[in-house]
Amino acid sequence: WSCFLLAALVSPMMVGLRVDLSMLLEPLGFVKVLEWILAIFAFSTCGGFQGETALLVSCKGVVNKTITAAFAYPFRLNTVVFSAPDPKGCGGTWTDVHLMGNFSSSAQFFVTLAALVFLYCLTALVIYIGYNHVYQQNNKFPLTDLVISVLIAFLWLVSTFVWAKALADIKVSTGASIIPGIESCKAPGTTCHFLSVTSMGILNVSVVFGLLNMILWAGNVWLVYKDTNLHSQWNRISESP
């Protein structure tokens, strides 16, 4: 998307740069700034997360030992291993314990979309501010902007709900429900108790930012639509006797 519009900027049809910062006060420019900011928040709240889940283990020669498993974006939990209770592995009864699930595709889809939207918003703002006269005169630009805006709104809808479902599964895979699935905790003389898991409030916020992005881009579709000849043609049709 960004490459297409940047290439258009240097096409022979382009005239000189005319900086007009007043476009930032217009709905189309102002919304684009908000979309740029929200894309940053969506990217950072999901992509920057790091946490760990902890268990309290008692086994042969070990009493109430805290073991942890650190996990982070992109949430390939099946590669995360709990630290061993002791060097001897509870007398040979303790084997490597992994968390369950690989949620990288959902998380990376969400973060990658946020990064691409960030770049597209920058490109669009350059056009709005520096080449608005060309944007208004050549209907291909509003039409392209409209198609991309519809696509982005749809992708925010899909990625947000996919990521929300993955986040719910991540909470299950790192919470107290993991205890029954750990075979080493079923060994004679071994007990395991769930201790804690890092708060995922920031990940909940990332879902909220995804929803806000979806709503904002849906509104952006209408703003861009009004700049296309589709809107003017519809007005002429509706006003004709």
Side-chain angles (χ1 to χ4, degrees), residues 38-115 154-215:
L38 287 181
I40 295 175
F41 285 145
F43 177 90
S44 59
T45 51
C46 179
F49 180 83
Q50 291 184 334
E52 69 175 22
T53 184
L55 305 179
L56 199 63
V57 177
S58 295
C59 57
K60 183 178 180 180
V62 177
V63 178
N64 291 339
K65 173 70 175 182
T66 299
I67 63 173
T68 60
F71 59 95
Y73 173 85
F75 305 104
R76 294 188 179 94
L77 301 187
N78 57 337
T79 65
V80 176
V81 184
F82 275 99
S83 57
D86 68 328
K88 296 181 180 180
C90 295
T93 62
W94 188 270
T95 57
D96 286 346
V97 176
H98 291 74
L99 292 176
M100 300 294 293
N102 183 351
F103 307 98
S104 59
S105 58
S106 300
Q108 288 175 327
F109 179 23
F110 185 82
V111 169
T112 300
L113 176 61
F154 174 73
L155 290 177
W156 272 124
L157 170 66
V158 174
S159 67
T160 299
F161 280 94
V162 168
W163 167 232
K165 174 59 171 61
L167 177 56
D169 293 338
I170 290 171
K171 291 178 180 179
V172 173
S173 298
T174 57
S177 60
I178 64 177
I179 296 294
I182 301 177
E183 293 299 325
S184 295
C185 293
K186 300 176 183 178
T190 300
T191 59
C192 300
H193 299 283
F194 180 77
L195 193 58
S196 65
V197 63
T198 302
S199 172
M200 299 185 194
I202 192 67
L203 295 181
N204 294 333
V205 172
S206 71
V207 174
V208 173
F209 279 127
L211 292 173
L212 290 176
N213 272 292
M214 178 189 66
I215 295 171

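Along the sequence shown, residues carry numbers from 1. Treat the numbers as computed from the prediction; the structure is a model and nothing was measured.
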(request) For atom CZ of Phe103, decide whether the heavy atoms of other residues, nucleotides or ligands shown that lie under 6.0 angstrom number more than 12. (result) yes
(request) Working to the nearest 0.5 Å, report the span between OG of Ser83 and CD of Glu52. (result) 8.5 Å
(message) So which atom in Ala176 and which in Pro180 form the shortest heavy-atom distance, rounded to 0.1 Å?
(response) O-CD, 4.1 Å
(message) Restricting to non-hydrogen atoms, name the atom on Ser106 and the atom on Val162 that form the minimum distance, rounded to 0.1 Å.
(response) OG-CG1, 3.2 Å
(message) When you compare the side chain of Phe161 with that of Trp156, does any pair of heavy atoms fall below 4.5 Å?
(response) no
(request) Flag the pair Leu99 / Asn78 as yes when at least one side-chain heavy-atom distance between them is below 4.5 Å, and no otherwise. (result) no
(request) Verify, without hydrogens or angle tests, whether Thr112 (side chain) and Phe109 (backbone) share a donor-acceptor contact under 3.5 angstrom. (result) no
(request) Any chance you could measure Leu211, atom CG, to Leu157, atom CG, to the nearest 0.5 Å? (result) 9.0 Å
(message) Can you give me the closest heavy-atom contact between Leu203 and Cys46, atom names plus distance?
(response) CD2-CA, 4.1 Å
(message) Using 0.5 Å steps for rounding, measure from the CG atom of Asp169 to the CE atom of Met100.
(response) 12.0 Å
(request) Please examine the side chains of Val207 and Leu167, heavy atoms only from C-beta on, and report whether any two atoms are closer than 4.5 Å. (result) yes
(request) Please name the pair of heavy atoms, one in Trp94 and one in Cys192, separated by the smallest distance, quoted to 0.1 Å. (result) CZ3-SG, 4.1 Å
(request) May I ask you to check whether over 12 heavy atoms, not counting those of Tyr73, lie within 6.0 Å of atom OH? (result) yes
(message) Taking the side chain as everything from C-beta on, heavy atoms only, tell me whether Thr53 gets closer than 4.5 Å to Phe194.
(response) yes
(message) Measuring only between side-chain heavy atoms, which start at C-beta, is Thr93 closer than 4.5 Å to Thr190?
(response) yes
(message) Quick one, Leu212 and Phe41 - any side-chain contact, counting heavy atoms below 4.5 Å?
(response) no
(message) Contact between Met200 and Ile170 at the side-chain level, heavy atoms closer than 4.5 Å - yes or no?
(response) yes
(message) How long is the straight-line distance from CG of Leu155 back to CG of Asn213, given to the nearest 0.5 Å?
(response) 12.0 Å
(request) Return the minimal non-hydrogen interatomic distance between Val111 and Gly47, and the atom names on each side. (result) CG2-N, 3.9 Å
(message) If you define the side chain from C-beta out and look only at heavy atoms, does anything of Leu55 sit under 4.5 Å from Ile178?
(response) yes
Ignoring hydrogens and angles, write down the donor-acceptor pairs under 3.5 Å from the side chains of residues 64-71, residues two or more places apart or on other chains.
| from | atom 1 | to | atom 2 | distance (Å) |
| --- | --- | --- | --- | --- |
| Asn64 | OD1 | Ser58 | OG | 3.2 |

(request) Apply side chain to side chain donor-acceptor pair (under 3.5 Å) to Lys88 and list each qualifying residue two or more places apart in sequence or on a separate chain. (result) none
(message) Give me each pair satisfying side chain to side chain donor-acceptor pair (under 3.5 Å) with a member in residues 198-211, each pair once, sequence neighbours excluded.
(response) Trp163-Ser206, Lys171-Asn204
(request) Measure the spacing between CZ of Arg76 and NE2 of His98 and express it to the nearest 0.5 Å. (result) 14.0 Å
(message) Please report the interatomic distance OG(Ser104) to CZ(Phe75), rounded to the nearest 0.5 Å.
(response) 10.5 Å
(request) Taking all heavy atoms of His193 and all of Ile179, pick out the closest pair and write down the distance. (result) C-CD1, 4.2 Å
